Amino acid sequence: MTAHLVITVVLVPILASIFTLFCGDMMRRVVCQIAGLTVLGSTCLIAYQTGHSRDVLNIVLSGWEAPLGIRLYLDGLSALLLLTTAIIAVCITFFAEAYFGVKARSGRLTFFWPLWFLVWAALNGLFLSGDVFNLYVTLEIINLAAVAMVALPRTHESLKAALNYLVIAFLGSLSYLFGVAILYTSHGTLDIQLLAELAGIDGPYILAAVLIFIGLMIKTALFPLHFWLPPAHASAPTPVSALLSGLVVTASAYMIIRLGFTVFAPLMHTPLTLLLGVLGGLAVLWGSVHALIQERVKMVVAYSTVAQLGYVFLALPVVVSGSDLAAMVWYGVLYFVICHACAKTAAFLAAGTLINVVKHDRIAQLSGAAQHWPMVFMAFGMAGVNLIGLPPSGGFIGKWLMLQAMINSGQWLLVLILIAGSLLAAGYIFRVLGIALQTSEDSRPPVPAPLQLTLTTMILAVLPLLLGVFSQLPFSLLAVGSPFGALP
Amino acid sequence: MAAATPSDILLCLLILSLALGVLGDANPFRGVIIFIVFGLVMALSWTRLDAPDLALAEAALGAGVIGVLFLVALRKQGEKDVSLATQRLRLNSVTIISGLLLIVFIVYLGALGVFSAWKTPGKGLVEPVYESLHLTGVSNPVTAVILNYRAYDTFLEIGVLYLVMLSVFALQPDEKAKFTSTEQYDRMLRSYARGIVPFMVLAAGYLLWAGAFRPGGAFQAGAMLGGAGILLHLSRPAMLLDMRGLVARLSLVAGFFSFCILGILAMLYGFDFLQWPSHLAKHAILTVETASTLSIGLTLTGLYASVERKLISPAIFYSGEEDNP
Amino acid sequence: MIQIIINLVSGGLLIVGLFFFIAGILALWRFPDTLCRLHAITKADNLGLGFIIFAVALQVGWSVLLLKLIVVYLLILYASALNGYLIAQYAHHQDKSNEVK
Amino acid sequence: MTVALLYSITGFLLFLMGICGLIFRSSLIRRALALNITASGIFLFIVAQAYKGESALPDPVPHGLVLTGIVIGASATALMIYLIGVLRYVSPGDNDSGEEE
């Protein structure tokens with residue numbers, strides 16, 4: 001039964017994508033709601049069953065077992081990511097509905113919906129995939145759709161950002177594909193679990209690892225390859241920015257962790273991770289400093305993505321030091337990524353709500369805005385709490401685990417960078433809030449923020465705090481099929 | 001292992017020098033022409049390496065349709081666009097340096113990797129593929145791989161094509177394409193199209209059918225159909241439906257949708273997703289292939305029509321606004 | 001015996017075909033303008049191809065393949081006639097617009 | 001030198017040439033071409049590795065992968081060309097919020 005549920009999670013958004021291509025406006029909204037809630041329900045069930053049975057699940061497709069056919073692979077990590085994606089995606093769907101408003105009822109913007117559902121399907125497919133080539137195909141769908149969505153405003157800036165993004169994403173995929181080809185050549189299989197069993201360090205293996213990691217580093221916008229991300233994420237329409245920063249980068253971060261701890265696990269115990277750690281550290285500092293000097297809220301949030309993704313790599317050098325610490329890093333990074341996805345989406349949606357009412361997002365002109373739209377800034381602040389990594393949030397737990405691992409292994413430089421990153425994050429969040437919280441003389445009656453926008457933003461902003469308070473459940477789910485067992 | 005013959009070496013040198021031409025030629029128009037030749041020579045090397053399916057796909061899709069798209073893109077480059085063509089993307093020096101470092105790194109590891117990969121040739125999946133071939137419903141192993149063993153990948157791949165068409169829709173201006181008068185279009189070309197298009201459709205049908213037991217299949221047939229569509233569009237654009245119309249949209253999703261339906265059907269009957277029971281496999285594969293061919297052909301035509309929008313080819317021969325590239 | 005004659009004849013036809021092809025390429029390379037080049041290459045190529053098809057047909061004998069060869073040749077003649085016409089139109093138009101300038 | 005090795009190396013060189021082209025060429029069309037060359041290099045590498053000699057059957061799985069790769073690459077290129085086309089019609093204007101209209 002779970003096998004059927006798992007397929008449902010991929011198929012329903014695809015069917016929704018096809019149906020929304022043909023529906024009128026009323027019908028489309030019905031389809032969106034039904035599809036969104038169905039996927040949400042199915043992922044809840046999947047997460048529940050996985051957590052309950054504590055078994056990983058291999059789902060054979062086309063009736064052919066692993067080396068010949070493709071398998072889907074469901075463990076706690078996949079289940080948790082599916083659930084997070086579903087919650088975020090449903091919120092974005094409702095947000096986008098209100099955000100585009102009448103503009104999306106007819107004309108070219110109606111094609112946003114089929115694109116959007118296709119991305120959702122591909123995201124689910126990616127989190128479930130147990131095959132390195134299948135990962136490539138799903139990643140490609142996500143990226144091409146993301147490119148099209150970035151170009152959606154059809155302005156010069158957005159088109160240039162989209163083209164930049166396309167070139168770099170294409171290059172990243174090619175690098176990844178080359179790595180996959182070399183893996184297949186030397187091991188004769190594409191299945192992740194089989195590859196993990198066969199892997200041993202030799203020339204082709206290292207080459208494959210380098211190519212695959214370069215490809216994924218480009219897509220996660222790691223430091224020297226990050227330049228495409230801020231313009232693409234900031235110039236897209238808000239629901240798309242949220243999707244990109246919240247989910248699309250999460251997908252490539254997930255791939256790095258998934259492949260890094262299975263197929264490339266032997267390499268993770270070599271000093272090569274140091275290089276990734278250094279780049280991650282630079283990304284944290286560079287991204288944070290740039291976020292601090294931006295003039296637009298969306299640009300702040302976009303640069304913050306560069307910084308936050310740096311943490312994923314920052315903690316990797318600790319893995320060398322031993323299994324217990326590696327487990328801490330694994331849990332810490334994953335929890336961090338998941339909370340970041342929620343918080344970042346919330347931050348972008350807050351910025352979008354602001355644009356919807358103020359028609360701009362220039363920080364300098366936002367003075368006093370918080371007294372007109374308190375809910376929006378509260379949501380932004382709560383998301384900010386997670387981005388900084390302050391205590392009640394899930395981001396804090398993730399960072400805390402990483403920090404502990406770093407301290408235990410005596411990597412003081414990494415500790416310093418992590419703390420500096422958090423302080424800088426506090427800087428860029430409070431800068432925006434500080435200006436907004438000033439009292440202004442402007443007594444014009446403000447346009448109230450639409451309820452649907454505020455509500456979805458609020459839900460996503462509260463989520464990381466909940467993840468911080470009730471962390472038991474997600475951690476026990478993550479432990480299902482984890483390479484390290486339960487958290488020590 | 002077979003030793004390389006002089007003709008192999010010649011072919012490889014030809015490929016490399018053509019690639020150099022594509023990247024190095026100062027005139028972008030010539031670059032594109034060389035790119036088309038490059039595609040055809042690549043097709044030759046696919047044939048040499050016993051991959052005729054790829055040769056067909058490369059010639060039809062890589063060199064054919066994509067080459068034509070490139071040409072159109074260049075043709076649209078009018079006076080004001082020259083600056084844009086040489087406009088730098090936002091590539092800072094950091095990136096370039098890191099790119100160079102990257103290349104050095106890759107060359108070093110590549111020398112290591114290629115040579116050791118050659119010393120220990122992988123086992124591959126040749127044997128399992130051929131062992132179960134009689135259960136797949138087709139006798140062409142490549143078709144078996146893409147439509148049976150790894151049908152899920154192909155399903156998503158058709159999704160990519162569908163996605164590209166969606167993206168084009170999402171970026172197209174809302175007003176419908178207008179065609180002033182059919183008189184502008186060349187009568188010769190039209191009568192030629194009238195004669196040749198049926199042949200092309202016939203050839204597409206043959207490629208589709210032959211895919212089961214010899215080189216060919218949905219992608220090759222789809223590219224052929226796309227070629228026919230482009231020719232029709234060139235000779236008589238008014239004939240072409242707006243791709244956003246209902247019928248066109250239905251045909252565009254036909255391939256993707258048929259995969260969904262057959263996959264669901266398989267699950268309802270207690271099989272795995274996209275599993276074809278061996279006695280029905282041939283029919284299932286033929287069904288999705290036919291639908292996909294239609295979708296691919298129409299997608300390619302639609303892509304061409306949208307890239308070309310406003311400038312409909314032979315008309316520009318007489319318009320006088322275009323410069324010789 | 002007959003096989004030897006067939007081989008000889010088809011070999012000769014191949015050489016003749018290649019000669020026309022090379023002549024066409026030389027013309028493409030050396031001739032001054034589009035119309036001249038077109039004039040040379042359309043004729044030489046079609047003729048050369050005809051000889052080569054004839055040579056292959058001799059080897060194939062009476063079979064379905066022969067029919068396919070004939071269809072291929074006819075399609076190529078059909079296509080090249082039109083291509084020549086279109087290119088000539090374009091070149092002619094270019095000349096005219098250059099004169100106006 | 002074996003056939004597989006020769007073509008693998010050629011593929012690898014193509015890959016590197018494509019990357020260099022991408023870095024040193026700035027025009028968008030040229031970048032699209034360079035990406036295609038890079039992709040061709042990778043495909044050539046894969047297919048060369050699948051080649052098992054004159055008498056042996058080649059491995060069809062890599063062929064399937066490359067077919068998928070060709071189609072995806074063509075799709076991405078087509079999207080890129082389309083975006084370049086759209087970009088030509090849209091001139092730079094100041095749009096501070098980066099939002100639609």
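No experiment lies behind these values; they were computed from the predicted model shown. Here is the naming used below: chain letters follow the sequence lines, and residue numbers restart at 1 for every chain.
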Look up atom [atom1] in [X] and atom [atom2] in [Y], then write down how far apart they are to the nearest 0.5 Å.
| X | Y | atom1 | atom2 | answer |
| --- | --- | --- | --- | --- |
| D:Leu83 | A:Asn164 | CG | CG | 11.5 Å |
| A:Glu140 | D:Thr68 | CD | OG1 | 11.5 Å |
| D:Phe45 | A:Leu177 | CZ | CG | 11.0 Å |
| A:Phe170 | D:Thr77 | CZ | OG1 | 4.5 Å |
| D:Ile46 | A:Ile182 | CD1 | CD1 | 9.0 Å |

For the residue pair [X] and [Y], establish whether any side-chain heavy-atom pair is separated by less than 4.5 Å.
| X | Y | result |
| --- | --- | --- |
| D:Leu65 | A:Leu190 | yes |
| D:Met80 | A:Val167 | yes |
| D:Thr38 | A:Phe178 | no |

Check: Does CD belonging to A:Gln365 count more than 12 external heavy atoms closer than 6.0 Å?
Finding: yes
Checklist line | Taking every non-hydrogen atom, the tightest pair across A:Leu174 and D:Leu35 | finding: CD1-O, 3.6 Å
Checklist line | Heavy-atom pair with the smallest gap, counting every atom of A:Leu166 and D:Ala76 | finding: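 Scanning both residues, the minimum pair turns out to be CD2-O, 3.9 Å.
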Next item on the list: Between chain D and each of A:Leu144, A:Ile141, A:Asn143, A:Leu68, count heavy-atom pairs under 4.5 Å; write down the option with the most.
Entry: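 Heavy-atom pairs under 4.5 Å are most numerous for A:Leu144.
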Check: Side chain, backbone, both or neither: which part of A:Val358 has an atom under 4.5 Å from a heavy atom of chain D?
Finding: neither
Checklist line | Heavy-atom proximity to chain D below 4.5 Å, by part of A:Leu211 | finding: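 The answer is the side chain of A:Leu211.
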Item checked: Derivation and outcome, side chain to side chain contact (heavy atoms under 4.5 Å, CB included), residues A:Phe133 and D:Val61 -> CA-CA 11 Å; A:Phe133 188 76; D:Val61 175; over 6 Å; no
Next item on the list: With chain A as the partner chain, list the residues of residues 13-20 of chain D whose heavy atoms fall under 4.5 Å from it, by residue number, and write 'none' if nothing qualifies.
Entry: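 Heavy-atom contacts from residues 13-20 of chain D to chain A are D:Phe15, D:Ile19.
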